[in-house]
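For reference, the structure is listed below as structure tokens.
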Amino acid sequence: MFYELAASTWGQEEIDAISRVVASNRFTMGDNVKEMERRFAEYFGSRHAVMVNSGSSANLAAVAALFYRKDRPLQRGDEAIVPAISWSTTYHPLQQYGLKLRFVDVELDSLNMDVSRLEEALTPRTRMVVAVSILGNPAALDVMRAFCDRHGLYLLEDNCESMDAELNGRKAGTFGDLGTFSFFFSHHISTMEGGMVVTDDEELAHLLKAVRAHGWTRDLPPDSPIFERRSDDFFEAYRFIVPGYNLRPLEMSGAIGIEQLKKLPGFTEQRRRNLALFNRLFGGDDRFVIQRENGRSSSFCFPIVLNPARRPDRARVLGALKQADIGYRIITGGNFLRHDVIRHYDYDTVGPMTNADLAHDFGFFVGNHPFDLTEQIETLHRVLDRACR
């Protein structure tokens with residue numbers, strides 16, 4: 001395809017890393033995963049990082065950890081404030097653990113939660129806000145952090161689409177009590193499949209490790225705050241303390257992640273150079289609503305909303321993109337409330353979802369990659385210029 005949605009970022013370093021793991025004959029998580037966790041925590045300035053097998057699993061483990069902590073655990077029937085646009089597995093763990101969701105509309109230009117609605121969304125049952133930074137663009141994380149601190153709420157930060165983005169000099173993904181990341185093929189770094197949860201809270205970190213591997217204690221130190229080790233090693237080897245899963249990453253993914261993380265700063269800088277060109281070409285054109293940068297975007301991709309005031313024909317535009325061999329998708333799944341699965345949820349809405357609907361009906365995105373896309377972006381501009389006349 002002339003302009004792909006996603007492209008490989010691997011080089012010989014990642015292939016060599018896989019070969020070293022194969023030669024070691026250790027395939028489940030081991031030293032490479034531990035080293036990836038250490039380096040990731042250091043890069044993002046977090047005390048703890050726990051690697052799992054996907055960003056979706058990172059969200060699942062993070063929600064589970066908040067239900068099993070000793071003091072002030074989440075409980076079924078509690079409420080969480082969430083944005084109307086995000087990926088499905090931002091929401092599914094919340095539903096699976098029995099939380100009621102309060103959906104808040106997004107800003108059309110940033111595509112992130114409209115934080116002016118937070119106070120309206122608050123009820124006596126509210127226990128958590130879920131912050132999602134859409135497609136590389138930091139949400140109003142500082143505002144949400146202050147709101148949660150003021151009202152004694154947890155802040156869960158789904159940063160799966162915005163690795164290496166920054167707000168006020170701080171990495172997105174580190175404002176929350178827990179922050180999640182994805183290493184899927186199309187994301188900022190790729191480990192085949194993989195994800196990470198970061199936290200500064202030791203109890204949550206240990207709960208994450210237990211939830212990751214069957215709910216057992218084997219991966220925890222003897223002085224862990226979440227259990228007291230007994231003297232009988234025979235039973236300690238298979239001691240289960242919380243309901244868990246098997247979310248363990250492969251050792252190959254850890255080894256690949258170490259190499260990819262070294263390249264992340266360069267990846268981000270190239271993505272931002274591509275973003276600068278995109279903004280020069282599309283900015284100020286009232287036919288297109290492009291993402292207003294909040295802080296420092298890591299530019300996952302280029303979302304575009306066709307200006308609804310001009311009554312655009314999105315089908316015609318997408319047809320032109322297809323004819324030009326340019327890949328596209330709906331913006332992060334669009335308004336989640338309009339998917340069939342919502343019938344399984346306990347939820348309500350805080351006012352109308354006007355902007356989420358506009359992004360759903362008139363929006364799409366095209367890819368951004370950590371290599372020069374000048375030819376592709378210029379072609380995209382020519383194609384859309386013609387299609388939107």
Side-chain angles (χ1 to χ4, degrees), residues 48 50-104 113 118 121-132 144 147-148 151-160 173 175-182 195-199 201 203-217 225-227 240-248 333 336-337 339-350:
H48 307 281
V50 178
M51 190 172 181
V52 291
N53 57 11
S54 71
S56 296
S57 293
N59 285 337
L60 177 62
V63 172
L66 290 171
F67 270 80
Y68 298 126
R69 68 176 312 164
K70 182 178 180 181
D71 296 323
R72 298 179 60 249
L74 292 179
Q75 300 180 38
R76 290 183 176 273
D78 287 344
E79 293 180 357
I81 299 171
V82 300
I85 292 180
S86 189
W87 191 247
S88 64
T89 47
T90 299
Y91 308 108
H92 291 339
L94 308 173
Q95 183 269 349
Q96 289 155 357
Y97 274 83
L99 296 175
K100 180 178 180 177
L101 304 191
R102 300 263 296 162
F103 284 90
V104 174
M113 184 191 288
L118 283 173
L122 186 69
T123 79
R125 297 303 304 272
T126 304
R127 295 291 313 284
M128 181 167 69
V129 174
V130 180
V132 183
M144 285 186 262
F147 176 81
C148 289
H151 294 287
L153 310 177
Y154 291 118
L155 179 62
L156 173 58
E157 197 178 343
D158 181 340
N159 198 52
C160 289
F175 287 77
D177 298 280
L178 297 143
T180 62
F181 297 80
S182 171
M196 193 76 77
V197 189
V198 299
T199 182
D201 186 298
E203 180 193 14
L204 289 175
H206 288 198
L207 285 167
L208 289 166
K209 289 182 178 182
V211 167
R212 173 178 67 180
H214 315 292
W216 67 16
T217 62
I226 68 170
F227 80 110
F240 305 101
I241 57 172
V242 294
Y245 309 93
N246 184 356
L247 310 178
R248 292 177 299 201
F336 186 71
L337 290 156
H339 286 274
D340 302 353
V341 71
I342 199 66
R343 70 181 183 272
H344 298 292
Y345 277 69
D346 182 12
Y347 73 96
D348 59 20
T349 59
V350 183

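Among all heavy-atom pairs drawn from T126 and A121, the shortest one is OG1-O, 3.9 Å. The two atoms that bring V50 and A205 nearest to each other are CG2-O, 3.9 Å, heavy atoms only. In this structure, A61 and L247 approach most closely via the heavy-atom pair CB-CD1, 4.0 Å. Heavy atoms only, all atoms of each residue included: Y154 and P73 are closest at OH-N, 4.5 Å. Closest heavy-atom contact between A210 and V242: CB-CG2, 3.9 Å. The two residues A65 and L204 have their closest heavy-atom pair at O-CD2, 3.8 Å.
Atom CE of M144 sits about 10.5 Å away from atom CD1 of I81, to the nearest 0.5 Å. Separation of atoms CD1 (I342) and CD (Q95) is listed at 9.0 Å; rounding is to 0.5 Å. To the nearest 0.5 angstrom, K100 atom NZ is 11.0 Å from Y347 atom OH. Going from atom CZ of F103 over to atom CG of D348 covers 9.5 Å, rounded to the nearest 0.5 Å. Taking OG1 of T90 as the reference point, atom CG of L156 lies at 8.5 Å (rounded to 0.5 Å). T349 contributes atom OG1, which lies 12.0 Å from atom CG of L101 (distance to the nearest 0.5 angstrom).
Ring planes of H339 and F336: tilted class, angle from 30 to 60°. In this structure, Y97 and F67 have tilted ring planes: the angle between them lies in the 30° to 60° band.
Formation of a donor-acceptor pair under 3.5 Å by the R102 side chain with backbone atoms of T123 is not found in this model. Side-chain atoms of N159 do not come within 3.5 Å of backbone N or O of G179 as any donor-acceptor pair. Between the side chain of Y345 and the main chain of H92, a donor-acceptor pair closer than 3.5 Å is present.
Take D201 and apply the salt bridge (Lys or Arg N to Asp or Glu O under 4.0 Å) test, not counting sequence neighbours, and it matches R69. Residues passing the salt bridge (Lys or Arg N to Asp or Glu O under 4.0 Å) test with D177 are R145, sequence neighbours excluded.
A side-chain contact (heavy atoms from CB on, under 4.5 Å) with M113 holds for exactly one of V130, V132, L118; it is L118.
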| said: As a quick check of understanding, evaluate side chain to side chain contact (heavy atoms under 4.5 Å, CB included) for M128 and L94, giving each step before the final call. | reply: CA-CA 10 Å; M128 181 167 69; L94 308 173; 3.7 Å; yes

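The side-chain heavy atoms of R212 and V197, taken from C-beta on, include no pair separated by under 4.5 Å. Proximity of L178 to L208: side-chain heavy atoms (C-beta onward) are separated by under 4.5 Å at one or more points. Residues E157 and V198 are not in side-chain contact: their nearest non-hydrogen atoms beyond the backbone lie 4.5 Å or more apart. When side chains are defined from C-beta on, N53 does not count as touching R248, because their heavy atoms never get closer than 4.5 Å.
Within 6.0 Å of CH2 on W87 lie no more than 12 heavy atoms contributed by other residues, nucleotides or ligands.
No hydrogens or angles considered: nothing links the side chains of T89 and N59 as a donor-acceptor pair under 3.5 Å.
Legend: salt bridge (charged side-chain N to carboxylate O under 4.0 Å, His left out) pairs involving residues 77-95, not counting sequence neighbours, sorted by first then second residue: D78-R125, D78-R127.
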